[in-house]
Amino acid sequence: MSYGAVHDDEHHDHKPTGIGRWLFSTNHKDIGTMYLVFALTMFFIGGAMAMVIRLELFQPGMQYVDPQFFNSMTTVHALVMIFGAVMPAGVGLANWMIPMMVGAPDMAMPRMNNMSFWILPFAFTLLLSTFFMQGGAPAGGWTMYPPLVLQLGDGLPFLIFAVHFLGLSSIMGAINIIATVFNMRAPGMTFMRLPLFVWTWIITAFLLIAAMPVLAGGVTMLLTDRFFGTAFFDAAGGGDPVMFQHVFWFFGHPEVYILVLPSFGIISQIIPTFSRKPLFGYASMVYATASIAFLSFFVWAHHMFTVGMPLAGELFFMYATMAIAVPTGVKVFNWTATMWKGSMTFETPMLFSIGVLFMFTLGGFTGLMMGITPVDFQYHDTYFIVAHFHYVLVPGIVFGIVAGVYYWLPKWTGVMYDETLGKWHFWTSTISVNVLFFPMHFLGLAGMPRRIPDYNTQFTDWNQIVSVGGIAFGLSQLILVWVVIKCARGQGEKATDQVWEGAHGLEFTLPSPPPFHSFTTPPEVTEATAHS
Amino acid sequence: MSVDKLKQTVLGVVAVSLFLASGAVFAGLADMPLNLTQGVTETSQRVYDLHMIILYIVTVIGILVFGVMCWSIFHHRKSKGAVAAQFHHSTAAEIAWTIIPIIILVAMAIPATKTLIFMEQTGDAEMTLKVTGYQWKWKYDYLDEGVTVWSALDQASNEARQMDSGIDPNTVENYLLDVDNPIVLPVNTKIRILTTAADVIHAWWVPALGWKRDAIPGFINDNWTNIKEPGVYRGQCAELCGKDHGFMPIVVHAVSKEEYAAWIEEQKAAALAAADGANREWTKDELLAKGKDVYAANCVSCHQANGNGVEGLFPPLNGSAIVNGSAADMIGLVLNGKNLMPAFKDQLNDADLAAVMTHERNSWDNTAKDIIQPADVKAAR
């Protein structure tokens, strides 16, 4: 073994203690933990806002909140979930796992790592403080379309600077991941031997670096339109409100893949482990991921088919959108082929991964339907869309992250999680998430627009079912907290180094829990020991 | 807890959920359709057909893919003694599942392209309707006739939807889907519909017509429809446009060409009568009666029924220096707008404006108590 007990202890002696350990941390594991705890906290804050939405929509008429506050709930729910929960959770997993998976002692730039995390609490303090300001919190939708967003009161600059900070944090995180993977791989860890999770994260990191500055530019133009007399998005001054939508979605569509690719990477690790069989089509998985990322820059206008584009534009964006179904299909088929003729067991990480496989595919089908421009003229801005992107984001992405947490939790803490609780978490989540989101397809097709605080009485029954599903899904997530707390306190069976019978990869050659500095001596990687 | 017991419990939960869901389906959901409308235009029918074709295709693909996954999950499990094969690629399979989806997608793209080209043929229209979105109502200009109709949420829905209104929305017919002034359109006529907006982006959507289109301030989008069947068709604003986005419905009455012509004549006569109102002296009672209605239709969503506005967003009228100040200043502000306050000079006629300002100066704790005549407004324009 390349790590020595004595060597190890020497480093433990230098481990800072108390609050300083976290505030000044340069350790990829501690920072990873902070990212994950932050993400979980934001998941519950964003979830609480969703509960307000579902409470108000439980019956027709306005009962609990006024329409302006309702709009703030939908807007900030989305911002918190996307930028506060899903993205930091992905970065947290990357922080924890990438150095261990490529055979490095830590991230390439540990101090920048500290900064990219500690920006987040400040950014969200800015964003959430708007609830206490004149004019309230942002209520123009997370997409921040002008001119509506410019009607926001004192909160507008806080919203914009929060977005700037989140972008900075993401870009620094992305640079760090790229630098780590490009420079700190162990000898023999060639690019085509990298675990799929690392591959999906490199591609995600490049997407972040390409997309986040575009968003920063767009919101800066909002700032100058409001405070410095420019008219980028005001037709009266020669601008165009639709230009913001183009800029926003040029960021926004790659953002969709920034969110989903790490989840794809996680289930590409888990499905082979519990099928006891190598990943099917490793190379085509890498190429498919890269193709999806590349194509994601050419489909942005499918989010805004109804703005009135020329026919040629509508056709181009329809065809490009349909083309994304091809590499996405390849991935789904490869995962299925990985399970085929395997020797499967169904521990919680595998259950959540299979959940991703089924329900992400379902979200993919509705995505294909919406890519058909003439039909999207009916679907657009209805609950059908809300159903689609929640299927992709919750059982598609959140389930993937949760699968990763269960998969690596024994490695992180050194103890096995409670399998019974894990299975309860999976089944309650899966049933409730479908009760929550499936009926939204019906509501949308029947004509219920999204982002409305009140509705015609024909929509009552299905909205009540959706609300019940929502509350059940929210409560189910408390099981995850319970499981994680138990593991963090060391309650559970001692985990082996390999943790799972079918697990491969460098992270499973380290002890559970791993030493403070993962690989102080780089391991030698050969074709036989490589994960692929 | 044993695994068997867990399985039993989970199955129990699944069974109960399915029972509840199916119970709900049969109990009270009959009045909501579960699928897209076929609508009343050729466009909506084509869009529906396309929707169904794609739904069928993805359903078949779904059954195949999920079927293979399920087969694998049930048969290739360790507990059944399955031994893992070690294959990890197959060039033939990978080429096949790249090429076959491409063929299916091309097959989908052909009818989609045809329908899209059909929908974009906005030429040869027999009449033009211009739709302008406002926060939070619609203005309809019949450009060939010079007729303008303002259309906002109807009074009954508007009262019921206020917080703590005490009115059960189930007792309001077409709750949130009814307007004060529905628009009338002729059937079997190719109608060009232009959409634009005065403040923020809105989207005009009547599902039965088969499309929605954004209404963007400073820009005009053109679309068309040709309604085949007479009837009442309802829709809503589909683009988030601020506080009352959920409360700006659309109602289209599709009627025969003769009935449409008669309705246009009525509208023209009503417009003449309203314009006449500015040329005579009104009594205070007349102004107050009319002003109350105008306030309810145009002012209440921001300034509220109690005149206190919404803190931080919409200033109060109750006790306001402007409402209690000089009539000329107030008329100027209402005509030309300020910040979020729209310019009402194009939205309301002289009599309506005079009435609503008189109402405001005489309501709540306001002390002005004077009257503003339509002639005063006319002079200030």
Which portion of [X] sits near chain A, non-hydrogen atoms under 4.5 angstrom:
X	result
B:M119	side chain
B:S90	both
B:Q86	both
B:I57	neither
B:A109	both
B:Y48	neither
B:V83	backbone
B:F66	both
B:E239	both
B:I104	neither
B:I61	both
B:N35	both

To the nearest 0.5 Å, how far apart are [atom1] in [X] and [atom2] in [Y]?
X	Y	atom1	atom2	answer
B:L240	B:H202	CG	NE2	10.0 Å
A:L445	B:M32	CG	CE	8.5 Å
B:C241	A:Y145	SG	OH	14.0 Å
A:L152	A:L148	CG	CG	9.0 Å
A:Q59	B:D168	CD	CG	8.5 Å
B:I201	A:F233	CD1	CZ	11.0 Å

Residue, of [options], that accumulates the most heavy atom pairs under 4.5 Å with chain A:
options	value
B:G218, B:A238, B:P101	B:A238
B:W205, B:W71, B:F118	B:W205
B:I73, B:I102, B:L116, B:L36	B:L116
B:N170, B:L209, B:D164	B:N170
B:R46, B:M108, B:H75	B:M108
B:A85, B:G81, B:A82	B:A85

Pairs of heavy atoms under 4.5 Å with chain B: top-ranked of [options]:
options	result
A:V332, A:L315, A:I372, A:D381	A:D381
A:T382, A:T430, A:L368, A:V375	A:V375
A:F459, A:F346, A:F70	A:F346
A:K277, A:Q378, A:R451	A:Q378
A:A337, A:S72, A:P327, A:G342	A:G342
A:N434, A:V65, A:T74, A:D240	A:D240

Original post:
Do we get B:K212 above A:Y379's six-membered ring, with its NZ or CZ under 6.0 Å from the centre and within 45° of the axis?
Top reply: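 That pair does not qualify as a cation-pi contact.
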
Tell me, for [X] versus chain B, whether the close heavy atoms (under 4.5 Å) come from the side chain, the backbone, both or neither.
X	value
A:P60	both
A:D66	both
A:M339	both
A:Q63	backbone
A:P146	backbone
A:E56	neither
A:A236	neither
A:N71	side chain

Do [X] and [Y] make a side-chain contact, defined as non-hydrogen atoms from C-beta onward lying under 4.5 Å apart?
X	Y	result
A:V326	B:T98	yes
B:F219	A:V242	no
B:I250	B:W204	yes
B:P249	B:R234	no
B:N158	B:Q162	yes
B:V200	B:Q135	yes

**OP:** Scan for side chain to side chain donor-acceptor pair (under 3.5 Å) pairs involving residues 332-345 of chain A, sequence neighbours excluded, and state none if there are none.
**Re:** A:S268-A:W335, A:R276-A:T345, A:S284-A:N334, A:T345-A:E347

Subject >> Within residues 109-118 of chain B or reaching into it, pairs that qualify as side chain to side chain donor-acceptor pair (under 3.5 Å) - sequence neighbours excluded >> reply: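 Checked against side chain to side chain donor-acceptor pair (under 3.5 Å) - neighbours excluded - the pairs reaching residues 109-118 of chain B are A:Y319-B:T113.
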
Original post:
Do A:H380 and A:F377 make the cut of ring centroids closer than 6.0 angstrom?
Top reply: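 Ring centroids of A:H380 and A:F377 are no less than 6.0 Å from each other.
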
Subject >> B:H88 and A:F280 aromatic centres sub-6.0 Å >> reply: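 Between B:H88 and A:F280, the centre distance exceeds or equals 6.0 Å.
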
Original post:
Would B:R213 and B:D222 pass as an ion pair if we require N to O under 4.0 Å?
Top reply: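 Result for this pair is no, no salt bridge flagged.
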
